[in-house]
Amino acid sequence: MTDEPTITTARLILRPWHAGDATALHQLAGRREIADTMISVPHPFTLEYATEWIVGTGHAHAKGHALHFAITEAPTGSLVGAAELRSIDTVHSHAELSFWIGVNWWGQGFATEVVHALVRHGFDQLHLNRILAYHMVRNPASGQVLKKAGLQQEGLLRQCVKKWSQFEDVVLMAVLHDDWRSQNRPNGCADLP
Ligand SMILES: CC(C)(COP(=O)(O)OP(=O)(O)OC[C@H]1O[C@@H](n2cnc3c(N)ncnc32)[C@H](O)[C@@H]1OP(=O)(O)O)[C@@H](O)C(=O)NCCC(=O)NCCS
């Protein structure tokens with residue numbers, strides 16, 4: 001694998017994780033609101049787990065399995081969330097998108113900015129054919145973020161996961177390269193009619 005990439009958006013820098021992020025990660029991901037709609041985020045999210053998880057992001061990249069990004073605010077460098085393209089399948093050219101934004105930054109369009117950038121990165125740099133994501137039915141904000149980035153609903157997976165001892169219905173969403181390309185010029189501007 002090549003070096004872990006950094007992606008710059010209008011307000012954010014998506015960069016590789018560093019060992020020094022562990023405390024901030026522990027504080028942000030430790031909020032129950034993050035674990036509430038994420039299967040991959042345990043609760044409690046201890047400092048030890050944060051430290052080990054960051055080490056794991058480097059291993060996943062080295063094996064070509066995933067690209068993990070620390071989402072930071074461009075002016076301050078403060079950690080505001082996490083995003084990844086994971087389950088990268090080079091045979092079938094697809095990967096799964098996953099993301100969360102720290103509670104204090106919700107509602108500012110940060111997830112929208114991140115997901116647009118990762119979809120572009122997945123298609124332009126990783127040459128994926130398909131990018132998919134899952135969200136719980138009771139998490140419509142995530143569905144809205146994904147829809148705005150071009151993903152469309154492909155299925156409803158009834159009682160697919162268990163959270164807080166309750167089975168949850170999950171929506172499967174995805175976007176194909178050809179569909180995305182037809183909606184986006186290479187420079188990022190939407191095609192004119
Ligand atoms: C879901 C999450 C990522 C959204 O992050 P965010 O930065 O607040 O998202 P944005 O501000 O970019 O966009 C949120 C969109 O959802 C919409 N929204 C918010 N609540 C909504 C609701 N109850 N129903 C429908 N849409 C809703 C907002 O209006 C906005 O859409 P708009 O810009 O078209 O108006 C964030 O709440 C989060 O991290 N949650 C916990 C982890 C998680 O669920 N991650 C996703 C797992 S799939």
Side-chain angles (χ1 to χ4, degrees), residues 7-15 17 21 24-45 49-50 53 57 60 66-76 78-88 94-122 128 130-164 166-175 180 183-184 188 190:
I7 301 172
T8 302
T9 70
R11 295 175 293 171
L12 303 167
I13 297 173
L14 281 57
R15 60 154 175 81
W17 289 92
D21 295 321
L25 173 62
H26 159 64
Q27 288 167 351
L28 267 56
R31 290 280 296 263
R32 197 179 192 282
E33 295 94 325
I34 302 298
D36 184 41
T37 48
M38 302 270 315
I39 291 302
S40 55
V41 174
H43 191 77
F45 195 105
Y49 181 85
W53 184 85
T57 65
L67 273 185
H68 290 271
F69 296 94
I71 306 169
T72 63
E73 272 189 306
T76 62
S78 301
L79 184 73
V80 299
E84 62 208 51
L85 281 163
R86 65 187 181 198
S87 304
I88 296 173
H94 59 70
E96 179 189 344
L97 186 58
S98 176
F99 52 93
W100 58 262
I101 299 292
V103 176
N104 292 346
W105 294 271
W106 284 8
Q108 298 180 38
F110 280 0
T112 299
E113 206 165 304
V114 167
V115 169
H116 273 82
L118 285 195
V119 168
R120 175 170 296 281
H121 187 83
L128 297 172
R130 169 181 165 86
I131 297 174
L132 63 135
Y134 299 97
H135 72 86
M136 292 179 190
V137 166
R138 65 177 173 84
N139 186 13
S142 180
Q144 174 67 1
V145 168
L146 294 164
K147 188 175 165 191
K148 287 195 291 179
L151 284 81
Q152 57 183 267
Q153 181 169 337
E154 291 192 342
L156 175 65
L157 312 178
R158 295 178 303 153
Q159 300 191 4
C160 180
V161 295
K162 200 186 246 186
K163 191 76 194 192
W164 317 126
Q166 298 287 326
F167 288 114
E168 297 272 357
D169 293 345
V170 169
V171 177
L172 165 62
M173 298 185 71
V175 58
W180 178 82
Q183 295 162 11
N184 293 269

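Below, all heavy atoms of this structure are taken into account, side chains as well, without hydrogens, waters or symmetry copies. In listed order, ligands and their atoms are each counted from 1. What you see is a predicted model, and the numbers here were worked out from it, not measured in a lab.
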Quick one: which of [options] has a heavy atom closest to [atom]?
atom	options	value
atom 44 (O) of ligand 1	Thr112, Val114, Leu97, Thr37	Thr37
atom 9 (O) of ligand 1	Ala111, Ala29, Ser98, Pro140	Ala111
atom 14 (C) of ligand 1	Val145, Asp36, Val171	Val145

ask   = Protein heavy atom under 4.0 angstrom of atom 40 (N) of ligand 1, is there one?
value =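 Answer yes: something from the protein, a heavy atom, is under 4.0 Å.
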query = Quick one: does atom 28 (C) of ligand 1 have a protein heavy atom under 4.0 Å from it?
reply =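 There is no protein heavy atom less than 4.0 Å from atom 28 (C) of ligand 1.
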At their closest point, which heavy atom of [X] faces which heavy atom of [Y], and how far apart are they?
X	Y	result
Trp17	Leu25	CH2-CD1, 3.7 Å
Val41	Ala29	CG1-O, 3.9 Å
Asp169	Gln159	OD1-N, 2.7 Å
His26	Phe45	ND1-O, 2.8 Å
Gln183	Gly150	OE1-CA, 4.4 Å

For [atom], closest protein heavy-atom neighbour:
atom	result
atom 17 (C) of ligand 1	Gln144 CG, 3.9 Å
atom 46 (C) of ligand 1	Phe99 O, 3.3 Å
atom 47 (C) of ligand 1	Met38 SD, 3.5 Å
atom 36 (C) of ligand 1	Trp106 NE1, 3.5 Å
atom 11 (O) of ligand 1	Gly109 N, 2.8 Å
atom 8 (O) of ligand 1	Gly107 N, 2.7 Å
atom 20 (N) of ligand 1	Ala141 CB, 3.7 Å

Considering both backbone and side-chain atoms of [X], is one of its nitrogen or oxygen atoms within less than 3.5 Å of a nitrogen or oxygen in ligand 1?
X	result
Ile101	yes
Trp100	no
His135	no
Lys148	yes
Ile34	no

Are side-chain heavy atoms of [X] and [Y] found at a separation under 4.5 Å?
X	Y	value
Ile7	Leu118	yes
Gln108	Glu113	no
Leu28	Trp100	yes

ask   = For the side chain to side chain contact (heavy atoms under 4.5 Å, CB included) test, which of Arg158, Arg138, Lys162 pairs with Glu168?
value =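 Between Glu168 and the candidates, side chain to side chain contact (heavy atoms under 4.5 Å, CB included) is satisfied uniquely by Arg138.
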key: For Leu146, the option from Val119, Leu151, Val175, Leu132 that meets side chain to side chain contact (heavy atoms under 4.5 Å, CB included)   =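 Option passing the side chain to side chain contact (heavy atoms under 4.5 Å, CB included) with Leu146: Leu151.
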inquiry  = Does Lys147, at its NZ atom, have more than 12 non-hydrogen atoms belonging to other residues, nucleotides or ligands within less than 6.0 Å?
reply    =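 12 or below, so no.
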query = Which atoms of ligand 1 sit under 4.0 Å from any heavy atom of Tyr134?
reply =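 Answer, ordered by atom number: 48 (S).
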